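These notes concern the structure reproduced below.
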Amino acid sequence: MLYIYGKYMPLRWLEEVQRWKQQEAGHALLIQQTVPGLEPEYVKLLKEWQEVFTATGQCAATWIRELLPIAKSIPPKAAQQVEELVKNSLAQTREFVAQLDKMLKNSAAIAKNPVSRTIVQHIKEESEKNLKELAGKTKLTEWELRDDKSAQPVPVGGHTLPPLPYAYDALEPYIDEDTMRVHHDILHKNYVNGLNKAETELQQSRKTGDFELVKHWERELAFNGAGHYLHTLFWDTMSPQGGGAAVGPIGNQIEHDFGSYDAFKRQFSQAAEKVEGGGWTILVWSPRSHRLEILQAEKHQNLSQWDAIPLLPIDVWEHSYYLKHQNKRADYIKDWWRVVNWPYVNERFLKASKLQWVPY
């Protein structure tokens, strides 16, 4: 590797991602070429993974070209974005391993061909090895970014609008570009501004001892804060490479708690369609009951269970879909399922599921 130490670490990891994703793209192709009679659904799945891995490797190569001229002083913001790319790459591999495991268990073509089974098993183990070697080495401190604001608390009134993790038109044709621009740049920004205003007003009340308007500003704090935090999660739980059924640990938990993925999807879709007025439907982890739940949340802050951890929200306020889908909320929900970013939801679930209270 060209870059190994200190401030060069982002370039070192970009090189690693580029190599790693080239290898995984080759592995996806190898399985397609060496398993006689592989079921069409697995061929389709592997072609999709091949495209995802290739695109991620190309993204890493682009970052390397952009950062090489400033290699000695890479800006914290750029290094943070590189870190996100590495995390996404890890999430991809975790998902790939889970799906290879499923193929080994369910594919008749692999089961009847010992050589094919050996190849797929070897590729799965190779991916697991890469995951083990790299998963623990992406901490921010290794990149000497202790001044990066992501490691610091948000100051009172200092919330900012997070950038979209993809282009405005990346979710086409399911979520249109115009909606994404209005939804993110205007409406989410309004929640950020409202939250900052509420925090600074309440800070001023603490300084002066004047709490005459505390009810109003607490209401603004809840409404705008819930809007900001849920939208920040909402953007990350969609992806241009999204869709399909949940797999891996989150898929297993869904099957355990709801009976099947189809049963979960039907309940979630119906709950989203029937939220009264504007609001959300959210898949959450409940540390109290030690299982997943599907909740409706009208007006962000209403009908909430404060002890739960949101994992997968869908925004069904009209601004989320009206430009494209008009009043056809059900059609929007069907399209939304095509962009769900299950690897991100899975990563969030793995962290949330470690938190368990005494059940009551």
Side-chain angles (χ1 to χ4, degrees), residues 10 13-14 17-18 20-22 24-25 47-70 74-93 95 150 159-192 227-244 312-325 331-348:
W13 285 115
L14 285 171
V17 168
Q18 185 181 19
W20 174 22
K21 294 303 160 181
Q22 287 174 346
E24 288 183 318
K47 286 181 178 178
E48 290 173 351
W49 272 120
Q50 190 179 346
E51 292 175 0
V52 169
F53 293 145
T54 299
T56 305
Q58 290 173 346
C59 182
T62 299
W63 269 109
I64 291 173
R65 288 194 299 270
E66 291 183 1
L67 295 180
L68 271 174
I70 54 172
I74 294 174
K77 183 67 175 179
Q80 183 182 355
Q81 290 175 305
V82 172
E83 185 192 21
E84 287 301 314
L85 177 63
V86 175
K87 288 181 179 178
N88 289 338
S89 298
L90 290 166
Q92 288 174 4
T93 300
E95 187 72 11
S150 67
H159 295 278
T160 58
L161 181 68
L164 283 176
Y166 32 73
Y168 291 102
D169 63 351
L171 304 182
E172 296 269 14
Y174 309 111
I175 310 292
D176 62 289
E177 178 181 355
D178 289 342
T179 293
M180 290 300 294
R181 288 187 180 277
V182 172
H183 198 171
H184 176 267
D185 293 2
I186 298 176
L187 297 169
H188 189 172
K189 179 63 174 175
N190 287 343
Y191 288 125
V192 173
H228 173 43
Y229 296 140
L230 278 173
H231 278 93
T232 300
L233 173 60
F234 183 58
W235 309 132
D236 280 330
T237 53
M238 296 186 290
S239 168
Q241 291 81 40
L312 174 65
I314 179 174
D315 188 346
V316 290
W317 289 60
E318 286 190 347
H319 61 237
S320 304
Y321 60 88
Y322 198 82
L323 287 178
K324 177 176 174 64
H325 297 89
D331 290 346
Y332 158 66
I333 295 167
K334 289 178 183 177
D335 278 347
W336 174 83
W337 283 111
R338 302 290 295 272
V339 297
V340 171
N341 186 359
W342 283 114
Y344 179 83
V345 179
N346 196 57
E347 181 179 352
R348 192 172 174 89

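What you see is a predicted model; the values in this text were computed from it and never measured.
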Would you call R348 and L233 a side-chain contact if the rule is heavy atoms closer than 4.5 Å? yes

Find out whether V339 and S239 are in side-chain contact, i.e. whether some heavy atom of one side chain is under 4.5 Å from a heavy atom of the other. no

Please check if the side chain of [X] supplies one atom and the backbone of [Y] the other of a donor-acceptor pair under 3.5 Å.
X	Y	answer
K324	P173	yes
K189	L161	no
W342	G244	yes

Check side chain to side chain contact (heavy atoms under 4.5 Å, CB included) between E177 and all other residues, then give those that pass, not counting sequence neighbours. Y168, D169, E172, R181

Among residues at least two apart in sequence or on other chains, which ones pass side chain to side chain donor-acceptor pair (under 3.5 Å) with Y166? none

Heavy-atom nearest pair, H183 first then S320, reads CE1-OG, 3.2 Å

Which heavy atom of Y321 sits nearest to which heavy atom of T179, and what is that distance? N-CG2, 4.4 Å

H228 and T160: side chain to side chain contact (heavy atoms under 4.5 Å, CB included), yes or no, with the steps? CA-CA 9 Å; H228 173 43; T160 58; over 6 Å; no

Output, in order, the C-alpha distance, side-chain angles, deciding distance and verdict of side chain to side chain contact (heavy atoms under 4.5 Å, CB included) for W20 and T56. CA-CA 10 Å; W20 174 22; T56 305; over 6 Å; no

Donor-acceptor list for residues 60-68 side chains, cut-off 3.5 Å, not counting sequence neighbours:
unit_1: T62; atom_1: OG1; unit_2: Q58; atom_2: O; d: 3.0
unit_1: T62; atom_1: OG1; unit_2: R65; atom_2: NH2; d: 3.2

Going from CG on N88 to CG on N341, what distance comes out if it is rounded to the nearest 0.5 angstrom? 7.5 Å

Mind checking whether H188 and H231 have parallel, tilted or perpendicular rings, split at 30° and 60°? tilted

Yes or no on side chain to side chain contact (heavy atoms under 4.5 Å, CB included) for V82 and L14, after CA distance, side-chain angles and deciding distance? CA-CA 7 Å; V82 172; L14 285 171; 3.7 Å; yes

Side chain to side chain contact (heavy atoms under 4.5 Å, CB included) for Q92 and F53? Distances and angles first, verdict last. CA-CA 8 Å; Q92 288 174 4; F53 293 145; 3.7 Å; yes

